[in-house]
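Everything on this sheet refers to the single structure shown next.
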Amino acid sequence: MSEERSLNFIEHIIEEDLANGFPKEKLRFRFPPEPNGYLHIGHAKAININFGLGLKYNAPVNLRFDDTNPAKEEQEYVDSIKEDIKWLGFQWENELYASDYFQQLYDWAVELIQAGKAYVDDQPSEVITAQRKTPQEPGVESPFRNRSVEENLDLFERMKNGEFEEGSHALRAKIDMTSPNMNMRDPVMYRILKKPHHRTGSDWCIYPMYDWAHGESDYIEQISHSLCSLEFKPHRPLYEWYLDQVYDPAKVRNKQREFARGNVGYMITSKRKLLKLVEEGHVTGWDDPRMPTISGLRRRGYTPESIRNFWEKAGVAKRDNLLDPALLDHSVRDHLNKISPRVMTVLDPVKLVITNYPEGKEEWLETENNPEDEAAGTRKVPFSRELYIEREDFRESANRKFFRLTLEKEVRLKGAYIIKGERVDKDADGNITTIYCTYDPDSKSGSGTEASQRKVKGTLHWVSIQHALPVQVRLYDRLFTVPQPDADKEKDFLDYLNPDSLKVVTAYAEPAMKALEIGRTVQFQRLGYFCVDKDSTEDTLIFNRTVTLRDTWAKMDTAD
RNA sequence: UGGCCUAUGGUGUAAUUGGCAACACGUCAGAUUUUGGUUCUGAAAUUCAAGGUUCGAGUCCUUGUAGGCCAACCA
C-alpha cells in the first residue's frame with residue numbers, strides 16, 4: 001500500500017498549495033457520483049484518487065450524490081453505489097446529496113437575479129441552443145436577457161411555484177454570449193421539471209443544472225480540491241464564475257482540477273451501452289461477471305485490493321490512455337496468489353487407469369493448501385486406481401518441450417506418485433477414451449524415498465474418479481474482440497461482442513471443495529483462479545473463472 | 001473556420017523543475033520450482049517533427065504535425 005512512488009500531478013498541486021500556506025487540516029475531498037447507473041472500473045479510478053488522497057493526507061472525503069436530475073436518478077443506484085464503495089474498502093466522512101442544498105442554491109439564485117446576473121428566458125430550449133451558435137461564431141443574445149430584476153424575480157418565483165409548463169422557462173446566468181467557451185454563453189441554471197425526486201419528492205419543480213449545483217456544493221462542503229475528469233475542463237471558467245458570485249474570502253476557495261479518465265482495453269464504460277448489454281440480454285445483468293461494473297468484477301472474483309492496486313499502478317495524468325488489460329490480470333493474480341487455497345479440478349477430463357495400482361484401494365494423501373502461505377495448512381485428497389486428468393495434458397508422443405504425459409516419459413501426479421504412460425484406448429473416431437499407465441509405488445510424494453525425489457519434468461493435477469465432485473464451471477473471456485469496441489462511431493459496438501466470452505463446462509473437483517461457500521476464491525491448480533458463484537445450489541457448485549494462471553506453455557505451443 | 005487540453009519504450013506512468021531518461025505491466029532469455037504458477041537474474045525497447053536558446057533541452061522559445069474535448073433545459 002505505501003510503496004515509494006513519485007507524486008502524480010494532483011499530488012504536486014496539493015503539495016504546492018500546502019507549501020504556499022494552505023492548512024493541511026482544511027484539505028477535503030469528495031466523490032460525486034450521479035445516482036443514475038452502476039459504478040464501473042472507471043469510477044473505481046476516481047474513487048481511488050479521491051479516497052486515496054483522503055487517506056494520504058488524513059483528510060475527510062464526502063460521498064456526495066449529484067442528484068439534480070430526477071428524470072434519471074433512482075434510490076436503487078444510490079444503494080448500489082454505496083455498497084460498491086464500501087466493498088472497495090473506503091469510508092466516506094459524510095453521505096451528502098446535492099439535493100440537500102436546493103434551498104441554499106435557490107436563495108443564491110435569487111441574489112444573482114437581484115444583482116442583475118441572471119434572468120428568466122421564455123424561449124424554448126431549441127431556440128436557446130440555436131442562439132448560442134457554434135464555437136466558431138459568436139452567439140446571439142436572448143430578447144429576454146435584459147428584462148427587469150422585478151420581472152425576473154416574479155417569473156423565477158412562479159417557476160418555482162409550478163405555474164409554468166416544463167420547457168417554457170429557464171433561469172439563465174448572464175455572462176457572455178460571444179465567449180469562445182460555449183459554457184459561458186448564458187448557461188441555464190434552472191429548468192422546470194415536474195418529476196418527483198427520490199429524496200425531495202414533489203417539493204421542487206425547478207432543478208439546478210450541474211454547473212450551478214456542483215461547484216456551489218463543493219463550496220458549501222468546503223471541498224478544497226474538486227477533482228473530476230478532463231471533459232469538465234471547459235466548465236472550469238464557469239465553475240469559477242459561479243463561485244465568484246457567492247464566495248466569502250474567509251472561507252476555503254474550492255478549486256476544480258481535471259485528470260484523464262481511465263480506459264481499459266476490451267472494455268466499455270458508457271452507461272448507455274452497458275445498459276444496452278443488460279437490456280438486450282447480451283449479459284445476464286449488471287453483475288454479470290463479464291461486465292466492467294464493480295458488481296460484475298466482484299462476482300467475477302476480483303478483490304478490492306486488486307482493483308485498488310490496479311489503479312495505483314496505472315497512475316494519474318492528463319493524456320488519453322488505454323490500459324492493457326494485462327495489468328488488471330496481473331493485479332488480480334498477484335493478490336489471489338497470496339490468499340487462494342490450491343485445489344485440484346479437472347476441466348476437460350480423460351480417464352487414466354493405473355494398471356498396477358490395486359483395484360478397490362484408496363489412499364488419502366496429505367497436500368499443502370498454499371505454498372505461498374504455510375499457515376494455510378494441509379488437506380487430504382483421495383487417490384485411487386482410476387483418475388481424471390486434463391485431456392490436454394496427454395499426447396501419445398511429443399517433442400522435448402512437452403513436459404506432460406506421453407507414452408514415453410514419466411510425470412508426477414501432483415501430491416501423489418510418478419507415473420509412466422503405457423497405452424491408450426480410442427473410439428471409432430480416434431479420440432482417446434482411456435489412458436493406461438503404471439505408477440512407481442516408491443515415489444509417493446513427501447515419503448522421502450529416493451524414488452520420490454526423482455526429478456521429472458512435468459507435474460499434473462488429477463482427481464480420483466470415484467471421489468470426484470461434479471461442478472459447473474463458467475469460463476469467462478473478454479466480452480469484446482477488439483480493444484476499443486466503441487471507438488468507431490460508424491460501427492455498432494455490439495458487432496464486436498466476443499461469441500466465446502462464456503463457456504460452461506462440467507468439471508470434476510476433489511471432494512473437499514464441497515464445503516466451499518459462495519464468494520470463496522480458490523486456485524484450480526495449474527489452471528487459474530475461480531470463485532463460487534451465487535447461482536450455486538445445494539446440489540451443484542458453480543464456479544466463475546476470475547483469471548487464468550500465466551501460461552507460458554500455451555504461448556510456446558501456439559507459437560509453434 | 002474558434003477556444004481549451006495532451007504528446008516520453010508495445011502499454012501505463014516518472015524524471016529533484018535546464019544536469020547520466022527511469023519504474024511497472026507486457027515481451028524475450030536464463031535460474032529455481034512436486035503448479036510450464038510463484039520467486040530470482042538478465043536482455044531488447046522510449047522523449048511527435050523541424051528549427052532555435054544553452055556548456056548542456058524530455059523540460060525553455062518558434063513553427064508545424066497528430067490526437068482529444070467543447071455547440072443538453074445531461075452529469
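Lettering follows sequence order; numbering is per chain, from 1. Keep in mind that this is a model prediction, so the values were computed, not measured.
- Within the 4.0 angstrom heavy-atom criterion, only backbone atoms of the sugar-phosphate kind lie near A/Val316; the bases stay farther away.
- Among the atoms of the strands shown, only primed sugar atoms or phosphate atoms (P, OP1, OP2) are found under 4.0 Å from some heavy atom of A/Thr68.
- Not a single donor-acceptor pair under 3.5 Å links the side chain of A/Gln523 to the backbone N or O of A/Asn370.
- Distance noted for atom C1' between B/U6 and B/A43: 32 Å (whole Å).
- Backbone-only contact: A/Glu34 has heavy atoms under 4.0 Å from sugar-phosphate atoms and none from a base.
- As judged by a 4.0 angstrom heavy-atom cut-off over every strand, A/Arg185 is placed among residues making no nucleic acid contact.
- Taking every heavy atom of residues 120-136 of chain A and every atom of RNA chain B, pairs under 4.0 Å involve A/Gln123, A/Pro124, A/Ser125, A/Ile128, A/Thr129, A/Arg132, A/Lys133, A/Thr134, A/Pro135, A/Gln136, by number.
- Using a 4.0 Å heavy-atom distance criterion, A/Gln453 is classed as making no nucleic acid contact.
- Contacts of A/Asn181 with the nucleic acid, taken as non-hydrogen atoms under 4.0 Å apart, are absent.
- Glycosidic conformation of B/A72 is syn; the angle stays within 90° of 0.
- Comparing the same atom, P, in B/A50 and in B/G42 gives a spacing of 35 Å after rounding to whole Å.
- The nucleotide whose nearest atom lies closest to any side-chain atom of A/Glu372 is, among B/G37, B/U13, B/A75, B/G37.
- Heavy atoms of A/Gly265 sit nowhere under 4.0 angstrom from any nucleic acid atom.
- The residue A/His235 sits close to a base: some heavy atom pair falls under 4.0 Å.
- If you check every strand for non-hydrogen atoms under 4.0 Å, A/Met189 touches nothing.
- Position along RNA chain B of the nearest nucleotide to A/Ala317 versus A/Lys444 favours A/Ala317 as the more 5'-ward residue.
- Taking syn as a glycosidic angle within 90° of 0, B/U53 does not qualify and is anti.
- Among the nucleotides B/G36, B/C4, B/A7, the one closest to the side chain of A/Phe402 is B/G36.
- Between A/Asp488 atom CG and B/G67 atom P the separation is 14 Å, expressed in whole Å.
- No engagement by A/Lys457 is indicated, since no non-hydrogen atom pair under 4.0 Å with the nucleic acid exists.
- Residue A/Arg172 is out of contact with every strand shown, counting any heavy-atom pair closer than 4.0 Å.
- A/Pro138 comes within 4.0 angstrom of no nucleic acid atom, judged by non-hydrogen atoms across all strands.
- As rounded to the nearest Å, B/C20 and B/G56 have C1' atoms that lie 12 Å from one another.
- Looking at heavy-atom distances under 4.0 Å, A/Gly415 makes contact with a base.
- A side chain to side chain donor-acceptor pair (under 3.5 Å) with A/Glu258 holds for exactly one of A/Arg236, A/Lys318, A/His235; it is A/Arg236.
- Taking the P atoms as reference points, B/C69 lies 34 Å from B/C23, given to the whole Å.
- Considering only the side chain of A/Asp551, B/G36 comes nearest among B/A72, B/G68, B/G36.
- Aromatic rings from A/Phe524 and A/Tyr529 are positioned such that their centres are separated by 6.0 Å or more.
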Tabulate atom names and distances for all N/O pairs under 3.5 angstrom spanning the protein and nucleotides 20-27 of chain B.
{"residue": "B/U27", "atom": "OP1", "partner": "A/Lys555", "partner atom": "NZ", "Å": "2.5"}

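- Each of A/Tyr529 and A/Tyr190 was assigned the nucleotide of RNA chain B with the nearest heavy atom; the assignment lying further toward the 5' end belongs to A/Tyr529.
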### Intra- and inter-strand pairs of RNA chain B in dot-bracket (Watson-Crick or G-U wobble, both distances under 3.5 Å; | for another strand)
.((((((..((((.....[..)))).(((((.......)))))....(((((..]....))))))))))).....

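- If you measure from atom CZ of A/Arg526 to atom C1' of B/G36, you get 8 Å, rounded to the nearest angstrom.
- By the 5.5 angstrom centroid cut-off and the 30-degree plane limit, A/Tyr210 is classified as not stacked against the base of B/A75.
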